[in-house]
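As structure tokens, the structure follows; a few thoughts come after it.
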There are 2 protein chains.
Amino acid sequence: MTDNGNRPEDGPADATDTVATVLRQWRDVLPELDTDPMRLIGRINRSAALLRQAEDAPLRRPGLTRPEFELLGALRRTGRELTPGDLARETFSSGAAVTKRLKQLTGRGLVERRTDARDRRVVLVGLTAAGRELVDSVLPEQLSFEADVLSGLDAEERHRLAELLGKLLTQLEGRLAPRL
Amino acid sequence: MTDNGNRPEDGPADATDTVATVLRQWRDVLPELDTDPMRLIGRINRSAALLRQAEDAPLRRPGLTRPEFELLGALRRTGRELTPGDLARETFSSGAAVTKRLKQLTGRGLVERRTDARDRRVVLVGLTAAGRELVDSVLPEQLSFEADVLSGLDAEERHRLAELLGKLLTQLEGRLAPRL
DNA sequence: CGCCGATCATTTACGAGTGAAACACCTGCT
DNA sequence: AGCAGGTGTTTCACTCGTAAATGATCGGCG
């Protein structure tokens with residue numbers, strides 16, 4: 001028998017992914033370091049990076065960037081006009097970024113801005129027909145692409161994972177994001 | 001009895017986090033859409049974003065940016081000199097970005113570059129004493145901070161989550177990152 | 001031996017995001 | 001009514017990352 005895979009801290013899934021190698025390297029150099037949090041945080045970050053990179057592929061065809069698509073999605077799913085401030089909160093980006101993206105998207109005829117009648121400081125942003133059609137055509141592709149990417153896990157595993165992440169996220173949002 | 005919380009697709013943890021609200025909005029507007037992948041992908045992305053934002057806090061004190069710290073960490077944990085190309089692969093960023101960061105870090109006396117004797121194209125990057133001391137002093141803080149952030153989950157949940165993410169990541173890396 | 005293609009690092013030009021300041025407008029108070 | 005302070009959006013100056021071009025060097029092959 002070899003000496004790998006039998007340490008109590010190493011589960012079976014820890015053997016092969018990048019984070020596991022990183023953890024082994026740290027253990028070799030600084031054995032007394034408690035690297036346990038990396039197991040989660042490293043994997044969340046790395047998964048997010050890989051997914052982000054992969055997810056962008058279906059969006060490239062319609063020439064959209066991911067944050068642009070999220071902005072359009074926010075408008076589509078709320079079903080009403082939103083202000084730039086709303087959009088910034090909804091897409092977790094800065095107000096300045098939203099302004100820039102709106103310039104792009106209005107230029108392409110996907111969204112429309114109009115100033116609110118009651119309060120002339122605020123502008124209301126809504127999807128045009130073209131914008132709505134674009135979202136409705138891209139979103140199913142995007143979702144089926146995502147489903148395919150996740151198919152390495154079976155339904156039960158995906159469910160447990162989503163549930164645990166939901167719990168983590170609830171905690172994090174309560175603790176780290178008082179703004180909501 | 002109310003109608004919330006009893007749909008088969010909604011686990012108990014789905015009730016409160018941001019992603020759950022987004023899913024409800026989509027269901028109200030496009031009920032026939034299979035939003036299941038969002039449950040995972042949305043949560044991974046959102047968790048990563050929150051963690052990233054939080055994690056940067058302990059690094060600000062020594063005036064380090066996250067990618068800079070990851071570069072230093074790669075040098076520390078491998079325990080040897082690395083080339084810019086190695087560092088780019090190790091930190092998942094472009095070569096140009098690495099060059100820029102090396103300029104910063106050599107300026108601060110945290111790393112040293114020397115050209116390889118055998119192959120004068122390649123440059124070998126190593127930690128200075130100050131660099132190693134910096135990593136060794138910041139890393140434990142960083143890890144205990146992370147442990148604190150994750151404390152909303154108990155040990156068993158963290159373990160299962162890490163395991164499932166490890167499995168997912170293994171699949172993703174096999175499929176999406178042939179370069180390794 | 002000398003050239004040709006490949007490889008590694010760096011430079012350059014550019015696009016995208018950010019925080020802080022600026023601007024427009026509203027609301028409450030006197 | 002008029003001003004003070006607050007809120008919503010945009011602009012500005014800057015930083016950072018990237019892709020593509022550049023420069024330097026190696027290895028092999030005629």
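All heavy atoms count here, side chains included; hydrogens, waters and symmetry mates do not. Chain naming here is simple, since letters A, B, ... match the order of the sequence lines and numbering starts at 1 in each.
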Query raised in the report: When the C1' atoms of the five terminal pairs at each end define the local axes, what inter-axis angle does the helix from C/dC1-D/dG30 to C/dT30-D/dA1 show, to 10 degrees?
Result: 10°
Query raised in the report: Does the side chain to side chain contact (heavy atoms under 4.5 Å, CB included) test come out yes or no for A/L82 and A/L124, once each step is laid out?
Result: CA-CA 5 Å; A/L82 296 176; A/L124 291 175; over 6 Å; no
Requested in this report: Using atom CZ of B/R114 as one end and atom P of C/dC8 as the other, report the distance to the nearest whole Å.
Outcome: 17 Å
Query raised in the report: Whole-Å distance between C/dA9 P and B/L87 CG?
Result: 9 Å
Query raised in the report: Is the shortest side-chain N to carboxylate O distance from B/D36 to A/R158 below 4.0 Å?
Result: no
Report task. Would you kindly give the CG-to-P distance between B/D86 and C/dT7, to the nearest whole Å? Result -> 15 Å
Polar atom pairs between nucleotides 24-28 of chain C and protein, under 3.5 Å, N or O only, would you list them?
from, atom 1, to, atom 2, distance (Å)
C/dC26, OP1, A/R120, N, 3.2

Query - Test item: A/V125 and A/T83 side chains (from C-beta on) under 4.5 Å apart, heavy atoms - result: no
Report summary line: So CZ of A/F145 and CG of A/L139: to nearest 0.5 Å the spacing works out to 14.0 Å
Query raised in the report: Does the side chain to side chain contact (heavy atoms under 4.5 Å, CB included) test come out yes or no for B/V111 and B/T128, once each step is laid out?
Result: CA-CA 5 Å; B/V111 302; B/T128 63; 5.5 Å; no
N/O to N/O distances under 3.5 Å, protein versus nucleotides 16-18 of chain C:
from, atom 1, to, atom 2, distance (Å)
C/dG17, OP1, A/R101, NH1, 2.8
C/dG17, N7, A/K100, NZ, 2.8
C/dG17, O6, A/K100, NZ, 3.2
C/dT18, OP2, A/S94, N, 3.4
C/dT18, OP2, A/S94, OG, 2.9

Report task. Flag the pair A/D154 and A/R160 as a salt bridge only when some basic side-chain nitrogen lies within less than 4.0 angstrom of an acidic carboxylate oxygen. Result -> no
Query raised in the report: Across the strands shown, which category fits B/R113 at heavy-atom distances under 4.0 angstrom: base, sugar-phosphate, nothing?
Result: sugar-phosphate
Query raised in the report: When the distance from CG of B/L71 to P of D/dG17 is rounded to whole Å, what number comes out?
Result: 11 Å
Query raised in the report: Would you call A/E90 and A/R77 a salt bridge, taking side-chain N to carboxylate O under 4.0 Å as the test?
Result: yes
Report task. Report the distance from atom CD of B/E70 to atom P of D/dC16, rounded to the nearest whole Å. Result -> 16 Å
Report task. Ignoring backbone atoms, test whether A/T83 places a side-chain nitrogen or oxygen under 4.0 Å from the OP1 or OP2 oxygen of D/dT9. Result -> yes
Query - Distance in angstrom units between A/R89 CZ and D/dT7 P, rounded - result: 12 Å
Query raised in the report: What integer distance in Å separates A/L82:CG from D/dG8:P?
Result: 14 Å
Query - Electrostatic pair B/K167-B/E163, nearest N-O below 4.0 angstrom - result: no
Query raised in the report: Roughly, in whole Å, what's the span from CG in B/L124 to P in C/dT10?
Result: 11 Å
Query raised in the report: Within a radius of less than 6.0 Å around CD of B/Q53, do more than 12 heavy atoms belonging to other residues, nucleotides or ligands occur?
Result: no
**Report entry** Non-hydrogen side-chain atoms of A/L71 and A/E68 separated by less than 4.5 Å
**Finding:** no
